[in-house]
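Worksheet: one structure, shown below.
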Amino acid sequence: MTKVYVPTDAAARSVGADEVAERITAIAGVEVVRTGSRGMLWLEPMVEVETPEGRVGYGPVAPEDVDGLVAAGMLRGEVRDIGACLGLVEELPWMKRQQRLTFARVGVVDPLSAGDYTAHGGIAGLRRALSLTPAEVVETVVDSGLRGRGGAGFPTGIKWRTVLGAQSDLKFVCCNADEGDSGTFADRMLIEGDPFTLIEGMTIAAYAVGATEGYVYLRSEYPDAVATLKEAIEIARVEGWLGADVLGSGFTFDLHVRVGAGAYICGEETSMLESLEGKRGTVRAKPPIPALEGLFGRPTVVNNVLSLATVPTILAHGAEAYAAYGVGRSLGTSVFQLGGNVARGGIVETAFGITLGELVNDFGGGTSSGRPVRAAQVGGPLGAYLPVEQFDLPMDYEAFAAAGAMVGHGGIVVFDETVDMASMARFAFEFCAAESCGKCTPCRVGAVRGVETIDRIVAGDDRQKNLVLLDDLCELMTDGSLCAMGGLTPMPVRSAVRHFGEDFTT
Amino acid sequence: MTSEVVATASVPVPGRAQRVLEIATELRGLRGSLIPILHAIQEDLGYVDQGDIPVVADVLNIAVAEVHGVVTFYKDFRRTPAGRTTVAICQAEACRSVGAVALADHAKRSTGCGFGETSADGRLTLDEVFCFGNCALGPAVQVGDKLHGRVTPARLDAILGEAR
C-alpha cells in the first residue's frame with residue numbers, strides 16, 4: 001500500500017485538492033491521507049508520496065495532471081525526474097530554513113488522528129504540565145518569554161499569573177480565533193491542520209489558572225476550521241484529553257466552539273467576550289481587565305490561537321529551549337504569513353529577528369505579477385505600509401514599534417508597483433467606518449471624516465490644509481479611541497502618506 | 001432571465017414561529033445562547049425574520065430590542081431570504097493586491113447586483129466579505145459552501161455558469 005498525502009486545508013481545497021484526492025483515491029493500492037497544508041501555498045494542491053527516505057512532494061498538481069503523473073511514476077517515490085516533482089519535502093530550502101515549533105505537525109499529520117498526534121509528540125506538554133503545580137506552569141510560560149501572538153504582544157505568562165491569583169469559583173479560558181485581519185491565515189491553518197495542539201494548549205492554560213470551561217470564538221468565514229475543531233473536541237473527550245478527569249489527573253476542563261457572525265470588531269478581546277455572552281460585539285472600557293472580570297464577569301484568560309498552540313511545545317521542551325530563539329524581548333518563533341501579490345505565499349515559522357526583506361524576497365520570491373515590490377503591509381489592516389527601503393527591519397515587536405509599524409499577528413501582504421496607496425489609505429478608513437462597533441466617537445465618526453478628507457486631498461481641494469487636518473484626525477483617533485480598531489486605523493493611513501505621498505495628488 | 005420572480009420580502013412560512021420556538025428552547029441552556037440560536041434559525045429557515053425576534057426574546061426572557069440589536073449588529077444574519085446561490089467576494093487588502101476590486105466590478109456588471117443584493121430572478125445573492133484566510137491564493141470567492149482561490153473574471157463566469 002503506497003501512502004499518499006493530500007491536504008484538506010481550505011486554501012488547498014480552493015484550488016482543487018479535493019478533486020486531486022478523489023482521483024488518487026480511485027487508484028488501486030494507494031491509501032490517501034488528508035493532512036493540513038505544509039504552508040507552501042503556491043504549490044497547492046501539493047501531493048506527497050511516502051518513500052523510505054521520506055515524503056516526496058509534487059506540486060502544483062491539477063486534477064487533470066494526476067493520471068499523467070501516475071503514469072510517469074509519481075507513486076514510485078524513486079522516480080523524481082518528472083514534472084512537478086519537488087524532491088524530499090523536508091529538504092526543500094523553504095522548509096529547511098524554518099524553525100517549526102508551533103507548526104511542527106501541520107501538514108504532516110492527519111488532523112483528526114489521535115494516534116498521529118501522540119506519535120508526533122502531542123500530549124507530552126499536557127502530561128508535563130499536570131506533573132507540575134499550576135503556579136509552576138505559569139512561571140514556565142513566563143520564563144519562555146511567550147508574548148501574545150494576536151498582535152498586542154502582551155506576555156502570556158503574566159496574564160495567566162493574574163488569572164491564577166484571582167479568586168473565583170468559576171474561571172474561563174477563551175481562545176480568540178476571530179482571525180479577521182487580511183493577510184493572516186495561520187490560525188485557520190493550525191486549526192484545520194493540527195487542532196489537538198490548540199486543545200492541548202487551552203487545557204494547559206486552564207490547569208495553570210484554575211479554569212474549568214473554555215470557549216473558542218471561531219469566525220464564520222472559516223467553516224472548515226469550525227467543522228474540524230468540533231470533531232477534534234469530540235475525539236479529545238473520548239481520549240480523555242478533555243472532560244471530567246483529564247488524563248486521570250482529577251482535573252476537569254471542557255471546551256466549546258462558538259461561531260462568530262461576521263463582525264471584524266469581535267477580534268478585539270472585550271468585544272469578543274460580549275459576543276460570547278450573546279450580545280452586540282461592542283468594546284468594553286478597560287479596566288477592569290478581562291483577566292479579572294472577563295466572560296460573564298469572571299476571571300478569564302483570553303489568548304490568540306497561536307499563543308495557546310505554542311504552549312504545548314514550551315511545556316514539553318522547557319522554557320529555555322523556546323527562549324533560545326528570537327531577539328531582544330521578542331523571544332521564540334513567530335508564524336509569519338506571506339500573502340497578497342507574492343510569488344511564493346504561505347507560512348514561514350522562524351525565530352524573531354529575520355528581516356522583512358528576507359521574508360518578502362527570499363521566502364516570498366517577490367511579487368506574483370513579476371513587477372517590482374512597492375510596499376508590504378505588516379500586521380493586518382491596522383498595520384503600517386512599509387516601502388522597500390525599510391525591508392531591512394527585523395521582525396521584532398520593539399523594532400517595528402520604533403519604526404511606527406507593528407508586527408501584529410505576523411501577516412505580510414505584498415503589493416506591486418501598480419498599487420495606489422491613496423486608495424489603500426482611503427480603504428483603511430472605509431473599513432473602519434464599516435466595522436466600527438460605534439461605541440466611541442473618534443472611531444465611529446473619525447473614520448467617516450477620514451474618507452472624506454482623503455477624497456479632498458486626492459481631488460486637490462485645499463491639499464496642504466487637508467493634509468494637516470488628516471494628521472490631526474489621525475492623532476485624535478490614536479489617542480482617543482477606546483480600542484485598537486480606531487486607535488490603529490491611523491497607522492496604515494499615516495504610513496501611506498509618509499512613504500507614498502506622491503500617490504496623494506491628482 | 002426568466003419571468004419567474006421570487007419575492008424577497010419576508011413571507012414567513014406557516015409553522016415558522018413554532019420551529020423558531022423549538023430551536024430557541026433547545027439551545028437556550030448554552031452560555032450566551034442568543035448567537036447560536038440565531039445561527040441555527042438562519043441555517044434551518046434561511047434567514048432571521050422580524051417575526052422570529054419576539055419569539056426568541058420570549059424564550060430567553062430578554063427584551064425584543066436586545067435581540068433586534070444583536071440581529072442587526074452582525075452581518076451574517078440575513079433579514080430576507082438569500083438567492084439560491086450566494087456569491088461572496090473577498091474585498092480585503094490581500095485580495096485587493098491581486099485584483100479583487102476589478103473582479104467585484106466584473107461580478108456586479110455580469111449579475112446586475114450590488115453587494116448585499118439578490119438578483120431579480122432570485123437565483124443569486126452577491127456579497128462582499130473581508131477575508132476568508134486564503135490570502136496567498138487570492139482573489140478568493142465563496143460560491144455556496146465552496147471556497148475558490150485565484151479567481152479571475154473568466155473563472156468566476158465559469159464557476160457561476162456551473163452553479164446556475
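Residue numbers begin at 1 in each chain, while the letters A, B, ... track the order of the sequences. Note: hydrogens, waters and symmetry copies are ignored here, and every other heavy atom, side chains too, is used.
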Worksheet item: At a heavy-atom separation under 4.5 Å, does E277(A) approach chain B through its side chain, its backbone, both, or neither?
Response: backbone
Worksheet item: For S369(A), is it the side chain, the backbone, both, or neither that has a heavy atom closer than 4.5 Å to a heavy atom of chain B?
Response: neither
Fill in: From N134(B) atom CG to R13(A) atom CZ, the distance as rounded to the nearest 0.5 Å
11.5 Å
Worksheet item: Given that the side chain runs from C-beta out, which part of V70(B) has a heavy atom under 4.5 Å from chain A: side chain, backbone, both or neither?
Response: both
Discussion item. Nearest 0.5 angstrom please: F431(A) CZ to F130(B) CZ, how far?
Written reply: 6.0 Å
Worksheet item: With side chains defined as the heavy atoms from C-beta onward, is the minimum distance between I35(B) and S275(A) less than 4.5 Å?
Response: yes
Response to the item:
Whatever's closer than 4.5 Å to a heavy atom in chain B on M189(A) counts as neither
Worksheet entry | A94(B) backbone acceptor or donor facing S182(A) side chain under 3.5 Å | yes
Fill in: Between CD on residue Q142(B) and CD on residue E221(A), distance to nearest 0.5 Å
8.5 Å
Practice prompt. Calculate, to the nearest 0.5 Å, the distance between atoms CG and CZ belonging to L137(B) and F185(A) respectively.
Written response: 8.0 Å
Worksheet item: Where along residues 26-34 of chain B does a heavy atom come under 4.5 Å of chain A, listed by residue number?
Response: L30(B), R31(B), G32(B), L34(B)
Discussion item. Strictly distance-based, threshold 3.5 Å: is any side-chain N or O of R188(A) a donor or acceptor partner for the main-chain N or O of G133(B)?
Written reply: yes
Fill in: Region of L295(A) that comes under 4.5 Å of a non-hydrogen atom in chain B
neither
Worksheet entry | Closest heavy-atom pair and its distance - C131(B), G180(A) | CB-O, 3.8 Å
Item to complete: Check whether C437(A) gets within reach of chain B through its side chain, its backbone, both or neither, counting any heavy atom under 4.5 Å.
Response: both
Worksheet item: Which heavy atom in S368(A) sits nearest to a heavy atom in V98(B), and how many Å separate them?
Response: OG-CG1, 4.2 Å
Discussion item. For chain B, which candidate among A263(A), P492(A), P381(A) shows the most heavy-atom pairs at distances under 4.5 Å?
Written reply: P381(A)
Worksheet item: Looking at D9(A), V419(A), L276(A), which makes the most heavy-atom pairs under 4.5 Å with chain B?
Response: L276(A)
Worksheet item: Highest number of heavy-atom pairs under 4.5 Å with chain B: which of A261(A), A428(A), G262(A), P223(A)?
Response: A261(A)
Worksheet entry | Which atoms of Y264(A) approach chain B - backbone, side chain, both or neither, heavy atom under 4.5 Å | neither
Worksheet item: Taking S14(A), G339(A), G278(A), G345(A) one by one, which has the highest count of heavy-atom pairs under 4.5 Å against chain B?
Response: S14(A)
Worksheet item: What are the two closest non-hydrogen atoms of G346(A) and A136(B), and how far apart are they?
Response: N-CB, 4.0 Å
Practice prompt. Under 4.5 Å heavy-atom distance to chain B, tell me which part of Q337(A) shows up: side chain, backbone, both or neither.
Written response: neither
Fill in: Inter-residue atom distance S423(A).OG - R96(B).CZ, 0.5 Å rounding
7.0 Å
Worksheet item: Taking C-beta and beyond as the side chain, do R150(B) and W42(A) meet within less than 4.5 Å on heavy atoms?
Response: yes
Discussion item. Please report the interatomic distance OH(Y74(B)) to OG(S220(A)), rounded to the nearest 0.5 Å.
Written reply: 11.0 Å
Worksheet item: Relative to chain B, which segment of R219(A) carries a heavy atom at a distance below 4.5 Å: side chain, backbone, both, or neither?
Response: side chain
Discussion item. Under 4.5 Å from any heavy atom of chain B, what part of D181(A) do you find: side chain, backbone, both or neither?
Written reply: backbone
